[in-house]
Q: 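Take this structure first; my questions come after.
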Amino acid sequence: MRNNEKDHRYEISVAGETAGHMGYREIGNRRVLMHTVINEPFRGRGLSNVLIKCTLDFLRIHGNTISNYCPVVDRFIRKNPEYTSLVDTRHSGTWVSPSSS
């Protein structure tokens, strides 16, 4: 995973070719996660989970929080609740904590 700051996206590559990306916006220390895309030739390999996990780990290490608008990230966090603490409770995006639903 690499942070392509110019295009505001986190990217995943396979054999030197960009396999997918997650678009984001920066608002201070918060990252607004917009969408996750895996390019057609790379689908079905679990790369979205790898991209999301690497991105969330990167953001955690750098002390960022997230607002999430991507349903794929939403499902990932529900399956991996250790990442729930990254969600900015004041600006959660479309994320709804399972404990409040």
Q: Might you confirm whether atom CZ of R25 has over 12 heavy atoms from other residues, nucleotides or ligands at distances under 6.0 Å?
A: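 At most 12 heavy atoms, drawn from other residues, nucleotides or ligands, come within 6.0 Å of this atom.
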
Q: Got a second to check how far M34's CE is from R9's CZ, nearest 0.5 Å?
A: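 Between M34 CE and R9 CZ, I get 14.5 Å after rounding to 0.5 Å.
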
Q: Any side-chain heavy atom of L56 within less than 4.5 Å of one from I66?
A: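 In contact.
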
Q: How long is the gap from CE on M22 to CG on L33, to the nearest 0.5 Å?
A: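 Answer for the CE-CG pair, M22 versus L33, is 5.5 Å.
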
Q: Look at the side chain of R31 and the backbone N and O of G28, then say whether any donor-acceptor pair between them is shorter than 3.5 Å.
A: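 Yes; judged by distance alone, with no hydrogens or angles, the pair exists.
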
Q: Residues in ring pair (Phe, Tyr, Trp, His ring centres under 6.0 Å) with H35, at least two apart?
A: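 By the ring pair (Phe, Tyr, Trp, His ring centres under 6.0 Å) rule, H35 matches H21.
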
Q: Applying side-chain hydrogen bond (donor to acceptor under 3.5 Å, both in side chains), can you list everything that pairs with N29, at least two apart in sequence or on another chain?
A: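 Testing N29 for side-chain hydrogen bond (donor to acceptor under 3.5 Å, both in side chains), a comparison that skips the adjacent residues, returns N64.
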
Q: Looking at CD1 of I12 and NZ of K53, how far apart are the two atoms once the value is rounded to the nearest 0.5 Å?
A: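 Going from the CD1 atom of I12 to the NZ atom of K53 covers 12.0 Å.
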
Q: Apply the side-chain contact (heavy atoms from CB on, under 4.5 Å) test between V72 and each candidate in N49, I52, I77, L51; give the one that qualifies.
A: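 The passing option is I52.
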
Q: Treating Ile, Leu, Val, Met, Phe, Trp and Tyr as nodes and any side-chain heavy-atom pair under 4.5 angstrom as an edge, say whether Y10 and V37 lie in one connected cluster.
A: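 No, it is not one cluster - the side chains of Y10 and V37 are not joined through contacts under 4.5 Å.
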
Q: Would you call V73 and T36 a side-chain contact if the rule is heavy atoms closer than 4.5 Å?
A: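 Yes, close enough: below the 4.5 Å cut-off.
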
Q: Output the distance between atom CG (L59) and atom SG (C54), rounded to the nearest 0.5 Å.
A: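 SG of C54 is found 11.0 Å from CG of L59.
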
Q: Check whether any side-chain N or O of R60 sits under 3.5 Å from a backbone N or O of L86 as a donor-acceptor pair, and report yes or no.
A: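 Checked: no pair found.
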
Q: Under 3.5 Å, is there a donor-acceptor pair between the side chain of N68 and the main chain of C70?
A: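 Yes; judged by distance alone, with no hydrogens or angles, the pair exists.
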
Q: Picking from N3, T55, N4, what satisfies side chain to side chain donor-acceptor pair (under 3.5 Å) with E11?
A: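 Result for side chain to side chain donor-acceptor pair (under 3.5 Å) with E11: N4.
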
Q: Measuring only between side-chain heavy atoms, which start at C-beta, is R30 closer than 4.5 Å to Y24?
A: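 No; the side chains remain at least 4.5 Å from each other.
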
Q: State, with a plain yes or no, whether a side-chain heavy atom of R45 is found less than 4.5 Å away from one of V14.
A: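 R45 vs V14: side chains touch.
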
Q: How many angstroms lie between CG in L47 and CD1 in I38, if you round to the nearest 0.5 Å?
A: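 Output value for this atom pair is 5.5 Å.
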
Q: Provide the closest heavy-atom pair for S67 versus G93 in the form atom of the first, atom of the second, distance.
A: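 So the two residues come closest at CB-N, 4.2 Å.
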
